[in-house]
Amino acid sequence: MSQPSLASTANRTRRDNPAPVVCLDADNTLWDTDGVFAAAQLRLLANVIGAIGVDTAEEDRLAYVREIDQELASRHHLGLRYPARLLIAALCHRLLGDDPSLAARKTWNDPSAVPLAKEVIEGIEKQYLADLRETPALLSGVHTGLERLHHADATLVLVTEGGRDRVENLLLANKIDKYIDRVIDAPKRKELFLRLRRLFGANVLVYMIGDQVTRDIQPAAEAGLRTIHIQGKFRPIWEVGAAALTAREAKTFEDAANAILAGD
Ligand SMILES: [Mg+2]
């Protein structure tokens, strides 16, 4: 995937056609990052249960892990990127009878106070990190939607906070790199979207498609972009209760693409 300068991408758009610019979120909008996390979290839970020999986990095992996961993420400065050994430790406390909040607090106070050997924790952590490197599958309608937008000469700009190299590798692995004109790795703030609008010019419609209201939709809408929200399966704690009042709702990426091509 070539990376022309943002200005040259903008000039090409203005000169050749009035087709829209479509900014895209990547994780849980184009591909099922949530599914990769779910599989990794379920295996991590199974490995912790196997290691401590106690299985008190509730029937919905994914919800059981995620309750702890959200407790930790909401307390850690790295959010959902907190170290996996904290999740292992907190699950030990939880399986041994503590409620999610106490399990997270105990972990926070002393991450090493768990009845597992250091090597066992490292082994479970290593497996978890390997599982997270699996390539997430494309979500429903993404390939068709991208193809349609591309053939309608829309300029497709992927906006991510998930690291350029990782995202470019996933575009290649899912064979959709040919549709993406640019990848921008930057915090999704209003200023970024204002800059994009200025670059592409006032006569070009700029859209943003994403799954998170607070990260994808609100800052883009504040900058004057047209926004399309696709609700993902995973709602992080900061998204609960957030409503995309400014956004059109689409069920799938294909629906979102069709709405753009219809000029909505
Ligand atoms: Mg996302």
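For ligands, and for the atoms within them, numbers begin at 1 and follow the listed sequence. Atom set for the values below is all heavy atoms of this structure, side chains included, hydrogens, waters and symmetry mates excluded. Here the structure is a predicted model, which is why all the values come from computation and not from measurement.
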Check residues 138-148 and write down every donor-acceptor pair under 3.5 Å in which the side-chain atom is one partner and the other belongs to a residue at least two apart or another chain.
from	atom 1	to	atom 2	distance (Å)
Glu147	OE2	Tyr179	OH	3.4
Arg148	NH1	Glu254	OE2	3.3
Arg148	NH1	Asn258	OD1	2.8
Arg148	NH2	Glu254	OE2	3.3

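- Around the Mg ion (ligand 1), the protein atoms of type N, O or S found under 2.8 Å away are Asp25 OD2, Asp27 O, Asp211 OD1, listed by chain and number.
- Hydrophobic clustering (ILVMFWY, side-chain heavy atoms < 4.5 Å, transitive): Val54 and Tyr64 are in one cluster.
- Checked for salt-bridge contact, Lys118 and Glu122 meet the test: a charged N lies under 4.0 Å from a carboxylate O.
- Using a 4.0 Å cut-off between charged side-chain N and carboxylate O, Asp255 and Arg248 make no salt bridge.
- His150 is not listed as a side-chain neighbour of Ile176, based on a closest heavy-atom distance of 4.5 Å or more.
- Leu102 and Trp108 fall into different hydrophobic clusters, where Ile, Leu, Val, Met, Phe, Trp and Tyr residues are linked whenever their side-chain heavy atoms come under 4.5 Å apart, directly or through other members.
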